[in-house]
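Below: one structure, written as C-alpha cells.
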Amino acid sequence: MGLINHLLGNATEVDVAALEHEFSPILCEGEVLESAYSLIRDKWVFTNKRIIMLDVQGMTGSKREYRSIPYSSIVQFSVETAGTLDDDCEMKIWVKGSEFPIKKEFSRKIDVKGIQRSLASHLL
C-alpha cells in the first residue's frame with residue numbers, strides 16, 4: 001500500500017531518527033525533529049519550532065529547496081480525515097501574508113488528528 005499511496009500523492013510517516021543527519025545542518029540550537037512525512041522524494045518535517053518542507057528537484061535530486069514555516073506565521077489550519085470511500089486525509093495551513101493555503105494529502109494510515117494536536121500545541 002505504501003507504493004500506491006506514493007503514486008496517488010499521499011504522504012507516509014517517516015522515522016525522525018533516520019532524518020537526523022540530513023536535517024541537522026539546518027536546525028537551530030535547541031530545535032528537534034518531532035515527526036516527518038514523505039512523498040516520494042519530498043518531505044514535510046515538523047520540529048518544535050517550525051515546519052520544514054523539503055522539495056527535491058531535478059532528475060538527480062541534487063537540487064533541494066528547504067521551505068520553513070515558523071509556527072508563529074501560521075494563522076489557521078484544518079485537517080480533513082479520510083471518509084468511507086476516501087483513501088486520503090488532507091491538511092491545509094494558512095500562513096500570514098498568503099491568500100491561499102498550503103495543502104498536503106496524507107495516507108489514511110497517518111494520525112492526522114495527532115498532527116492537528118501537535119500543531120495546536122505549538123499555536124495555542
Within the side chain of [X], is there an N or O that forms a donor-acceptor pair under 3.5 Å with the backbone of [Y]?
| X | Y | value |
| --- | --- | --- |
| Tyr71 | Thr47 | yes |
| Tyr66 | Leu54 | no |
| Lys96 | Ser72 | yes |

Apart from Val75 itself, what residues make up its hydrophobic cluster, given side-chain heavy atom links below 4.5 Å?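 Members alongside Val75: Trp94.
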
How about [X] and [Y]: do any of their side-chain heavy atoms sit closer than 4.5 Å?
| X | Y | answer |
| --- | --- | --- |
| Ile52 | Ser68 | yes |
| Ile74 | Ile51 | yes |
| Phe23 | Lys43 | yes |
| Leu33 | Leu27 | yes |
| Val56 | Arg64 | yes |

Looking at every non-hydrogen atom in both residues, tell me the closest pair between [X] and [Y] and how far apart they are.
| X | Y | value |
| --- | --- | --- |
| Val95 | Ile102 | CG2-CD1, 3.9 Å |
| Val16 | Ala36 | CG1-N, 3.8 Å |
| Glu31 | Cys28 | OE1-N, 2.8 Å |
| Lys92 | Pro101 | CB-CB, 4.0 Å |
| Ile69 | Met53 | CD1-CE, 3.0 Å |

To the nearest 0.5 Å, what is the distance between [atom1] on [X] and [atom2] on [Y]?
| X | Y | atom1 | atom2 | answer |
| --- | --- | --- | --- | --- |
| Glu65 | Asp42 | CD | CG | 9.5 Å |
| Phe77 | Met91 | CZ | CE | 9.0 Å |
| Lys63 | Gln57 | NZ | CD | 5.0 Å |
| Lys103 | Ser78 | NZ | OG | 9.0 Å |
| Leu119 | Ile93 | CG | CD1 | 5.5 Å |
| Glu34 | Lys49 | CD | NZ | 10.5 Å |

Do you reckon Trp44 sits in the same ILVMFWY cluster as Leu123, going by side-chain contacts under 4.5 Å, direct or chained?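 Yes, one cluster joins them.
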
Heavy-atom neighbours of Arg67 CZ exceed 12 at 6.0 Å: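 No, CZ of Arg67 has 12 or fewer neighbouring heavy atoms, counting only those of other groups under 6.0 Å.
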
